[in-house]
There are 2 protein chains.
Amino acid sequence: MVRKSTSKETARKPNMREAILAAAEELFATNGFNAVSVRDIAQAAGANPGSVTYHFKTKDGLLLEIYRRHCGPMNLRRSELLAAAKRVRDLQDRLEAIVRAYVVPAFTSGSDLAGGGARFTRLRAVMSAEGNEVARKIIAQTFDDTSHAFIDAIHESLPHIPRTDIVWRSHFLLGALYYSLVTPERVSRLSRGEADGGDAANAIEQLVQATVASFQAPALDQAAPVRRRPVVSSKT
Amino acid sequence: MVRKSTSKETARKPNMREAILAAAEELFATNGFNAVSVRDIAQAAGANPGSVTYHFKTKDGLLLEIYRRHCGPMNLRRSELLAAAKRVRDLQDRLEAIVRAYVVPAFTSGSDLAGGGARFTRLRAVMSAEGNEVARKIIAQTFDDTSHAFIDAIHESLPHIPRTDIVWRSHFLLGALYYSLVTPERVSRLSRGEADGGDAANAIEQLVQATVASFQAPALDQAAPVRRRPVVSSKT
DNA sequence: TGATCTTTTGTACGATAGTACAAATCGTAT
DNA sequence: ATACGATTTGTACTATCGTACAAAAGATCA
């Protein structure tokens, strides 16, 4: 509604607003929120610092707008893929499809909103690590619904696993996903060049396969939480 | 053994240096490096800002000292547990013991150095997300050896899985570990109070169980990286 | 006790942060 | 062409940052 459908669409350079958003997204995702100044963003976007204030009022407002931009499309895409996945007959295949529906939109690195999840997902990872307040609120509001939908779907295809276990394992999935986007070069380093951590397609396959297996693991019996501590003995 | 041997051990308050280190560790781990000022740290430690400069010269130096403090003891503990784990006969049990040897020292939340890994691990997670330069260097130097040792040990107990896959899966393990320490309340929230994300013992069990299963997953055939994309179709 | 070294305090300085605001500039409709 | 609203620019203000440094305070030993 800020827009205006009739005619007046100005801006000297072709949408400076978008350029600022893109620059901020990139810088926040790689350096964190506090390490990046409004002046840094403006410079990266080829804009004037005052322009940022004009379009987004505050630095928090800029972050907020980035979230607003991405949350909708990304959750929509996830919903579509989830709906398709739920139609898969074979239970094993269905589980894999569900996990894939969760992972793919977060990992795909197209530049537009619908597909361009990688940068935004990395941004969310960094904001979560920094304990950013603005991000925390939006995340809980926007993503918990989606998370619940996925957890429910997974639970349906694994009825014998307690919901609690599924929550934990999907939590691990998100952590692995985040970390893969934050530090991809670590994979290349540890595999001595045999794997490319930045190869999104391969990362997705690895993550999906590992996660499906973790979901299929036997349930933890909650009754005796501190049962077996096999063998491992400390010397001290 | 830090204590005294000859004579000159001063300090008005009982080891202000330690208080500053502890305060910085806590604040960095929860808010990130850039969001915390030297004055914040000094205040939390009940010290004067100048004292921080005196003991650690710069803010980076303070972070560096935190790493120096923890890296040794933590890797030592991991080595001990790994050595014990490798002696386990049964392959399944051995794998679980190895994973546990990796996870436990990072998760235990005692206050002293040998066991107090949770806060430090969270700190590492946050620094990794922020792309902190100081941290990045130390991490690569100090932890890659440990990581390789664990990857090798896991590979030995799972000879049929390619090393690349094991690297990926242990990468996911670290991501899940980090995220569990960064955002434990998310687990409580998503499980609707049925699980406590802050319960370290339970988190460890869940993580170990899920991870062992992921390691045991069948290998990905590298030959055809983009093989099956079952069913999932997009409507757009 | 007085000399000397270590630690803490208080203060200040330059740099940079977020943001406000007036002037300049541009695009568009009249 | 002119007027007007939208945008961009330039600049300035205040706050806070990391850090330096001199003075004060405390501890140790001759």
Side-chain angles (χ1 to χ4, degrees), chain A residues 1-25 27-28 30-66 126-127 130 132-135, chain B residues 2-25 27-28 30-66 127 130 132-135:
Chain A
M1 61 180 65
V2 187
R3 228 356 101 105
K4 181 63 171 283
S5 53
T6 52
S7 54
K8 51 178 84 166
E9 180 95 341
T10 26
R12 201 151 347 157
K13 305 206 176 150
N15 245 356
M16 177 66 83
R17 197 185 136 94
E18 294 300 322
I20 293 172
L21 277 170
E25 199 178 305
L27 288 172
F28 286 157
T30 46
N31 301 103
F33 184 75
N34 295 289
V36 176
S37 71
V38 173
R39 287 169 175 83
D40 290 338
I41 297 165
Q43 185 170 16
N48 188 285
S51 251
V52 178
T53 308
Y54 171 73
H55 284 291
F56 307 100
K57 203 62 190 171
T58 68
K59 197 182 171 189
D60 276 355
L62 176 52
L63 182 63
L64 202 74
E65 183 57 29
I66 293 174
V126 176
M127 293 306 125
E130 285 188 321
N132 186 288
E133 264 305 302
V134 177
Chain B
V2 187
R3 244 329 112 108
K4 88 145 107 171
S5 48
T6 52
S7 53
K8 48 178 87 168
E9 180 93 338
T10 25
R12 203 155 343 162
K13 304 203 177 153
N15 246 355
M16 178 65 85
R17 196 185 137 96
E18 296 298 324
I20 294 172
L21 277 171
E25 200 178 305
L27 288 172
F28 286 157
T30 46
N31 301 105
F33 185 76
N34 294 290
V36 177
S37 72
V38 173
R39 287 170 175 83
D40 291 337
I41 297 165
Q43 185 170 18
N48 189 287
S51 250
V52 179
T53 309
Y54 171 72
H55 283 291
F56 307 100
K57 203 62 190 171
T58 68
K59 196 182 172 189
D60 277 354
L62 176 54
L63 182 64
L64 203 73
E65 183 56 27
I66 293 175
M127 293 304 126
E130 284 188 322
N132 186 288
E133 265 304 303
V134 177

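Because only heavy atoms are used, hydrogens play no part in the values below, and waters and symmetry mates are left out as well, while side chains stay in. A note on names: the letters A, B, ... follow the listed sequences, proteins ahead of strands, and every chain is numbered from 1.
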Provide a list of protein-nucleic acid N or O atom pairs under 3.5 angstrom, restricted to nucleotides 12-14 of chain C.
residue : atom : partner  : partner atom : Å
dA12(C) : N6   : Arg39(B) : NH2          : 3.4

| task | Measure from NZ or CZ of Lys59(A) to the centre of the six-membered ring of Phe33(A) and say whether it is under 6.0 Å with the direction within 45° of the ring axis. | result | yes
| field | Rounded distance in Å - CG (Leu27(B)) to P (dC17(D)) | value | 12 Å
| Between P of dT7(C) and CD1 of Ile20(B), the distance in whole Å | 11 Å
| said: Please confirm whether the shortest side-chain N or O distance from Asn48(B) to OP1 or OP2 of dT8(C) is below 4.0 Å. | reply: no
| query | Which one of Ile66(A), Asn132(A), Val134(A) satisfies the side-chain contact (heavy atoms from CB on, under 4.5 Å) criterion with Met127(A)? | reply | Asn132(A)
| query | To the nearest angstrom, how far is Arg17(B) atom CZ from dT6(C) atom C1'? | reply | 13 Å
| remark: Heavy atoms of Ala35(A) and Asn31(A) approach each other most closely as CB-O, 3.2 Å
| message | I need the CG-C1' distance between Leu63(A) and dT19(C), as an integer number of Å. | response | 17 Å
| Atom CD of Gln43(B) to atom C1' of dC17(D): distance rounded to whole Å? | 15 Å
| message | Can you pull out the residues from residues 50-59 of chain B that lie within a 4.0 Å heavy-atom distance of DNA chain C? | response | Gly50(B), Ser51(B), Tyr54(B), His55(B)
| request: Write down the distance between CG (Asn15(A)) and P (dA6(D)), rounded to a whole number of angstrom. | output: 16 Å
| field | Nearest atoms (heavy-atom pairs only) where Ala23(B) meets Ala44(B) | value | CB-CB, 3.9 Å
| note | From the list Met16(A), Arg17(A), Glu18(A), side-chain contact (heavy atoms from CB on, under 4.5 Å) with Ile20(A) holds only for Met16(A)
| message | According to side chain to side chain contact (heavy atoms under 4.5 Å, CB included), who are the partners of Asp40(A), at least two apart in sequence or on a separate chain? | response | Leu27(A), Val36(A), Ser37(A)
| field | Exercise: identify the closest heavy-atom pair between Ala45(A) and Ala19(A) | value | CB-O, 3.6 Å
| request: Determine the minimum heavy-atom distance between Glu65(B) and Leu21(B), stating which atoms define it. | output: CG-CD2, 3.9 Å
| remark: Correct closest heavy-atom pair for Leu62(A) and Ala24(A) would be CD2-CB, 3.7 Å
| query | Taking CG from Asp60(B) and C1' from dT19(D), how many angstroms apart are they, rounded to a whole number? | reply | 12 Å
